Amino acid sequence: GLADAFCLAEILSQGRKEHKDIGSYSLLRSYQRQRKFDNQLTARTIDFLKSFFSTQSSGPLNYFHEMGLGLVNQNAWLKKLVTRYAVGIG
């Protein structure tokens, strides 16, 4: 996402200022380390949301599905937060 692109641009720019090879393993590894946590968190969150909201059920679990979707849909602040995070600018 945008956060990945921004981070990579910053690392490459800093590497260039320090006269490093922008394709070097150490420089690109730095990018990987900086983005790893956020990327893993995003992937796990997406997996959770996909499994949570794709389950067709009745009873109490269905109530939580509907409540969760409704909460996000009706709350502009929460909807904006989720959207910004998903795009990578949150």
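Keep in mind that this is a model prediction, so the values were computed, not measured.
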dist R35:CZ -> C7:SG (nearest 0.5 Å) comes out at 6.0 Å
In this structure, would Y31 and Y25 fall into the same cluster of hydrophobic residues linked by side-chain contacts under 4.5 Å? no
L2 atom CG, over 12 foreign heavy atoms within 6.0 Å: yes
Please round to the nearest 0.5 Å and tell me the distance separating atom CG of L78 and atom CG of L71. 5.5 Å
Under 3.5 Å: donor-acceptor pair, side chain of T42, backbone of D38: yes
Taking a hydrophobic cluster as the set of Ile, Leu, Val, Met, Phe, Trp and Tyr residues connected by side-chain heavy atoms closer than 4.5 Å, whether directly or through intermediates, do M67 and F48 fall within one such cluster? yes
Between the CD atom in Q34 and the CG atom in L8, the distance rounded to the nearest 0.5 Å is 10.0 Å
I need the L27 CG to D21 CG distance, nearest 0.5 Å. 8.0 Å
Report whether L28 and I22 are members of the same hydrophobic cluster (ILVMFWY, side-chain heavy atoms less than 4.5 Å apart, transitive linking). yes
OG of S26 to NZ of K20: how many Å apart, nearest 0.5 Å? 6.0 Å
Are S13 and R16 close enough that some pair of their side-chain heavy atoms sits under 4.5 Å apart? no
To the nearest 0.5 Å, atom CD of Q40 lies from atom NZ of K36 at 5.0 Å
Listed by chain and number, what are the side-chain hydrogen bond (donor to acceptor under 3.5 Å, both in side chains) partners of N73, not counting sequence neighbours? K79
